[in-house]
Amino acid sequence: MLAPWECLEAVSKALVPGGILCCYVATTTQLARTVESIREFGCYAEPQPWESMIRNWHVEGLAVRPDHRMIGHTGFLVTARRLADGVEPPMRRRRPAKGAYGEDYEGPNKG
């Protein structure tokens, strides 16, 4: 799916509280937009993005080593748990890097 953030409303209606949303995206731009959209939607716990890396291994007797070739990037998965209606998402534990959202960002800890 090229734009999972466009389906959040439909998925959120179909997913029961406690259910897990899982999105696959191929690029960092899609990853950022997906995670930020899930956060903004407001009915999910903090999304967890992760990357999959695959490296096969050669094993023959005592000759054990990784293969010479590796798939360096296979894509990103983002998971988030659906909250019950009316439940506020927990506060994020990490602070964004200074300037991550631009100079005019009024985050949750600013007055």
Side-chain angles (χ1 to χ4, degrees):
M1 181 178 297
L2 294 176
W5 53 88
E6 293 178 355
C7 303
L8 286 177
E9 185 172 347
V11 169
S12 299
K13 289 178 183 175
L15 198 59
V16 299
I20 296 176
L21 167 69
C22 183
C23 302
Y24 167 85
V25 293
T27 69
T28 55
T29 305
Q30 291 171 315
L31 175 65
R33 186 150 183 200
T34 301
V35 169
E36 292 299 332
S37 295
I38 292 169
R39 285 178 180 151
E40 289 174 14
F41 207 77
C43 68
Y44 292 95
E46 179 65 14
Q48 298 296 313
W50 55 283
E51 180 179 21
S52 173
M53 305 287 271
I54 298 173
R55 180 169 70 173
N56 292 326
W57 281 72
H58 171 82
V59 178
E60 282 190 43
L62 296 177
V64 179
R65 60 173 169 72
D67 279 350
H68 297 291
R69 297 174 60 120
M70 177 179 163
I71 299 172
H73 171 76
T74 59
F76 298 100
L77 288 173
V78 179
T79 58
R81 188 168 300 275
R82 171 76 159 88
L83 300 173
D85 293 335
V87 173
E88 292 285 324
M91 290 291 289
R92 291 177 54 202
R93 293 184 181 173
R94 291 184 173 177
R95 292 182 295 138
K98 186 175 181 178
Y101 293 96
E103 293 178 19
D104 59 345
Y105 175 66
E106 295 291 328
N109 297 327
K110 290 196 175 183

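Throughout, residue positions are numbered sequentially from 1 according to the sequence presented. Worth saying up front: this structure is predicted, and the values here are computed from it rather than measured.
- Here the side chain of Glu36 pairs no donor or acceptor atom with the backbone of Ala32 at under 3.5 angstrom.
- In this structure Arg82 satisfies the salt bridge (Lys or Arg N to Asp or Glu O under 4.0 Å) test together with Asp85, sequence neighbours excluded.
- The two atoms that bring Pro4 and Cys23 nearest to each other are CB-SG, 3.8 Å, heavy atoms only.
- Using a 4.5 Å cut-off between side-chain heavy atoms of Ile, Leu, Val, Met, Phe, Trp and Tyr, Leu21 falls into a hydrophobic cluster with Leu8, Val11, Leu15, Val25, Leu31, Val35, Ile38, Phe41, Tyr44, Phe76, Val78.
- In this structure, the separation between OG on Ser37 and CD on Glu9 is 13.0 Å, given to the nearest 0.5 Å.
- Distance check, rounded to the nearest 0.5 Å: CG of Asn56 to NE2 of His58 gives 12.0 Å.
- Grouped with Leu77 in one hydrophobic cluster are Tyr24, Trp50, the linkage being side-chain heavy-atom contacts under 4.5 Å among Ile, Leu, Val, Met, Phe, Trp and Tyr residues.
- Remark: Ala3 engages Trp5, Glu6 in a side chain to side chain contact (heavy atoms under 4.5 Å, CB included) (not counting sequence neighbours).
- Of all heavy-atom pairs spanning Cys43 and Ser12, the tightest one is SG-OG, 3.7 Å.
- Under the 4.5 angstrom side-chain criterion for Ile, Leu, Val, Met, Phe, Trp and Tyr, the cluster partners of Leu83 are Val87.
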Can I get a per-line list of side-chain donor-acceptor pairs under 3.5 Å for residues 61-72, giving both atom names and the distance, sequence neighbours left out?
none

